[in-house]
There are 4 protein chains.
Amino acid sequence: MTEAHIEARRNQIIEAARACFLERGFHATKIQDIAKVAGLSTGAPYRYFESKDDIVAAMCSEALDRHRRRFGTLDLAATSRSIFEELSTVYLAAAHEPGAKDTARLTLQVWEESTHSDNTGEALRADFNLIQTHVAEIVKQAQARGEIDNNLDPPSVAQTMVSLVLGLIVQRAAGVAVEVDKYEEATRSLVTGKLWNATAGEKQSTTNPT
Amino acid sequence: MTEAHIEARRNQIIEAARACFLERGFHATKIQDIAKVAGLSTGAPYRYFESKDDIVAAMCSEALDRHRRRFGTLDLAATSRSIFEELSTVYLAAAHEPGAKDTARLTLQVWEESTHSDNTGEALRADFNLIQTHVAEIVKQAQARGEIDNNLDPPSVAQTMVSLVLGLIVQRAAGVAVEVDKYEEATRSLVTGKLWNATAGEKQSTTNPT
Amino acid sequence: MTEAHIEARRNQIIEAARACFLERGFHATKIQDIAKVAGLSTGAPYRYFESKDDIVAAMCSEALDRHRRRFGTLDLAATSRSIFEELSTVYLAAAHEPGAKDTARLTLQVWEESTHSDNTGEALRADFNLIQTHVAEIVKQAQARGEIDNNLDPPSVAQTMVSLVLGLIVQRAAGVAVEVDKYEEATRSLVTGKLWNATAGEKQSTTNPT
Amino acid sequence: MTEAHIEARRNQIIEAARACFLERGFHATKIQDIAKVAGLSTGAPYRYFESKDDIVAAMCSEALDRHRRRFGTLDLAATSRSIFEELSTVYLAAAHEPGAKDTARLTLQVWEESTHSDNTGEALRADFNLIQTHVAEIVKQAQARGEIDNNLDPPSVAQTMVSLVLGLIVQRAAGVAVEVDKYEEATRSLVTGKLWNATAGEKQSTTNPT
DNA sequence: GATGAATGAGACTTCATTCAT
DNA sequence: TATGAATGAAGTCTCATTCAT
């Protein structure tokens, strides 16, 4: 068949797999479940994928691609402060989408899978590194402008920023009740240093006097 | 035999299971693997556990208990600022321990498992809620003292703090190279509002002019 | 596949199971034995049956159906005397068939199984009750015609008639050498009151003097 | 220990086994069940029996001994008619005892077991043959006195008599509601030729005219 | 002799994968 | 190319039996 047909079938299967994985997890999902949800026969998936693991890997890689596409759009040319807001916004775009909680649960599975799969693991690390590099670059620019403490390690700061996104995913996946708007607000305050009231400024300047 | 013996055997098996799960993950671990690592025969685990799932659940619950014990010690009577440091310290105590990266990988599995298991899921939510409640309480105290913006929702702020811990676990589990000391430093700056230089104070004071 | 195909496979498996059960008994028969005898692979039976117990139950139920079909044909409209002969005949039809002794052994297993299985037990009781009801009805008709002692309880008389059939099954299953023709002749004499010579009539007429 | 002690322990175990077998059947009964019911440790039965099969065999043989003792008492010297009554009486003594229905269920298991076990099978056949021989002898005596049709085969007649006993066991084991007194009455009528009313005498004499 | 924890062979069952139609 | 029945390797779990205490 045509290349397009094959691609369409693959996506159809991956989509079915996603639904099943969400419902039951990777290892509790049978190939037959996937086939049934995809409206195909038991043997059909094997025309488009090597094995069940291959489907899992494809689904993971597809999920990671999605992430990469989303987070890969951070604009390095923007000013540091608005960039932090962009980080927040980019994240929130995902967190506000319908089914975001399901996506979170699936993401958790992908992360877990990456722990045991070399390929998925490598892809995930590449993903994380891409985002971290972007954010770190922004931090450096801010440091160059004298806005951020030069003693701080840009990659490490970037990792804390990334954690604010990842941690939300974890909590939502775990079923913690998160009010995304408020979480966003708190994140923004944290990331832009507005958490603390100016009137309490002296207190926080103990170790960093002006 | 004695209650103590039974408990010892259960722990021995859970410990073996932990090692196997870390090595291969839940579903790739065979009961025989666990038995072998525990130095027992194939059927022995079934004297102490109902089934493989029971072992998984026990191992998860044990891991969550450990977390709860660790994070349940936050001192609500302390001042807000030192409390943030305590949060950091409590977390860092875990992140600096040998095998912390392994623990992170295991934690990811527990989280994933909780997505499909009612019991583990409930325990995990209880865990997260406990921490969140503690941190939120601290935030409220800081707000009462006028240190933190009263417009922010304490639970949401707490969730961002928790994310800084969870996100680190995710990144380490994923194999991202994290320098824990520097991550700690960045976290501290973020949480205590010291990320931004005082000289850049005007910029962050948009909503809170001095 | 088609409904017919499924039914055919089920019968094929039940038939194989019957052979195995006969050879080794229920509990000594492995699923693999059944599969092998049926010319199938290890897992095949599970497409058509829930479990080994399900196969046993199906086989029992099939055996009981067979009985019911055979004994359910008694003709209530016939006269009492020829009915007893019909009972004998119906029974003998089964006892004379090739493999009747094997069937007897299998029947013993079904009875035994019914002692522990609610479903099979219920089916067996229904089976016995059906026959008993038929025979009892015949007895009543004979009593109405004044042929049989009205003091006798029809169901109980029916049970003794049934015993003449069941007892033969037991003895043959146990390996007792039974000459079916002669057993039939003795049964007929017993059931039709011809056991005793007319010349000895006075002796048996203690309670029923001519 | 003393011979008596060993015998006592064996009986204790056999008794426990009987209770378990009755509850669950042979193959569903675990050695540990038997040990528990007997108030012994898991390993204890192995001091007194070779294996589980050995316990089953012992229990069967014990049950058969009991039967043999009961039915072996038939008095060959008595007159034929009272002998049939004795047969009935001997049987009824067993059927009227408390727990007779349980005994019947267990007997069914023994019969079934005898189908697969050479030893038990041989013992059962010996049992049946003993009874049959006794009854056949009585029949012969009656024939010699001209009371019973000389054309009938004594062993076959005996087998029908035995069936009246075995069939009751089957029906009771199967859970059919049997009123033993009435069954006895019907049996007596059947065996002593009193089933048919004398007034219907002509009808039954079709083939045996005086 | 007694105990009962431990053993481990073996049964049941599942399900990824194949292949005849 | 699609189907889905069949395959059979492999895992979970059981329980008769052993043996150190």
Side-chain angles (χ1 to χ4, degrees), chain A residues 1-2 5-6 9 27-36 38-56, chain B residues 1-2 5-6 8-9 13 27-36 38-56, chain C residues 1-2 5-6 8-9 13 27-36 38-56, chain D residues 1-2 5-6 9 27-36 38-56:
Chain A
M1 279 271 158
T2 78
H5 172 77
I6 290 177
R9 272 275 193 275
H27 67 281
T29 295
K30 305 176 227 175
I31 282 283
Q32 309 208 354
D33 294 332
I34 297 174
K36 195 172 297 173
L40 298 172
S41 67
T42 307
Y46 287 89
R47 288 217 146 265
Y48 304 96
F49 295 93
E50 291 281 328
S51 64
K52 181 182 173 180
D53 280 352
D54 194 20
I55 296 178
V56 170
Chain B
M1 272 213 171
T2 79
H5 173 79
I6 290 175
R9 270 277 186 276
I13 291 165
H27 69 283
T29 295
K30 295 176 271 182
I31 284 283
Q32 294 218 355
D33 295 333
I34 297 175
K36 198 171 296 173
L40 298 170
S41 66
T42 312
Y46 290 93
R47 252 193 175 277
Y48 304 94
F49 296 94
E50 291 278 329
S51 63
K52 180 182 173 180
D53 279 353
D54 194 20
I55 295 178
V56 170
Chain C
M1 273 212 171
T2 78
H5 173 79
I6 290 175
R9 269 277 187 275
I13 291 165
H27 69 283
T29 295
K30 295 176 271 182
I31 284 283
Q32 292 219 356
D33 295 333
I34 296 174
K36 197 170 296 173
L40 297 170
S41 66
T42 312
Y46 289 92
R47 249 191 179 279
Y48 304 94
F49 296 94
E50 291 278 328
S51 62
K52 181 182 172 180
D53 278 354
D54 194 20
I55 296 179
V56 169
Chain D
M1 278 271 157
T2 78
H5 173 78
I6 290 177
R9 271 276 193 274
H27 68 282
T29 294
K30 306 177 226 173
I31 282 284
Q32 309 207 352
D33 294 334
I34 297 174
K36 196 173 295 173
L40 299 172
S41 68
T42 307
Y46 287 89
R47 288 217 148 265
Y48 304 96
F49 294 95
E50 290 281 327
S51 64
K52 181 182 174 181
D53 281 352
D54 194 19
I55 295 177
V56 171

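If you're wondering where the values come from, they're calculated on a predicted model, not measured in any experiment. Below, chains carry the letters A, B, ... as their sequence lines are ordered, and counting in each starts from 1. Side chains included, hydrogens not; waters and symmetry mates left out as well; all remaining heavy atoms used.
Protein atom NZ of D:Lys36 is 12 Å distant from nucleotide atom P of F:dC15, rounded to whole Å. Following rounding to the nearest Å, C:Arg47 (CZ) and F:dG4 (C1') show an atom-to-atom distance of 6 Å. Atom CZ in D:Phe49 sits about 15 Å away from atom P in F:dA16, given to the nearest Å. Residue B:Arg9 contributes atom CZ, which lies 8 Å from atom C1' of E:dA5 at whole-angstrom precision. Remark: C1' of E:dA5 and NE2 of B:His5 are 7 Å apart, rounded to the nearest angstrom. When rounded to the nearest whole Å, the span between CD1 of A:Ile34 and P of F:dG4 equals 17 Å. Atom OH of B:Tyr48 is separated from atom P of E:dG4 by 13 Å (rounded to the nearest Å). Rounded to whole Å, the distance from CD1 on B:Ile6 to P on E:dA5 is 7 Å.
The two residues B:His27 and B:Lys52 have their closest heavy-atom pair at O-NZ, 3.9 Å. Nearest heavy atom pair, residue D:Thr29 against residue D:Ile34, reads CG2-CG1, 3.7 Å.
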Intermediate values then yes/no, side chain to side chain contact (heavy atoms under 4.5 Å, CB included), D:His5 and D:Thr2: CA-CA 5 Å; D:His5 173 78; D:Thr2 78; 3.4 Å; yes
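The shortest side-chain heavy-atom distance between D:Ile55 and D:Ile31 falls under the 4.5 Å cut-off. Between C:Asp33 and C:Lys30, the closest side-chain pair of non-hydrogen atoms falls below 4.5 Å.
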Per-nucleotide protein contact string for nucleotides 13-21 of chain E, where B marks a base within reach and S marks sugar-phosphate only (heavy atoms under 4.0 Å, - for neither): BBSSBB---
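In DNA chain E, runs of at least 3 consecutive Watson-Crick or G-U pairs, each pair with both distances below 3.5 Å, span E:2-21 with F:2-21.
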Exercise answer: donor-acceptor pairs, residues 41-49 of chain C side-chain atoms, under 3.5 Å, sequence neighbours excluded:
none

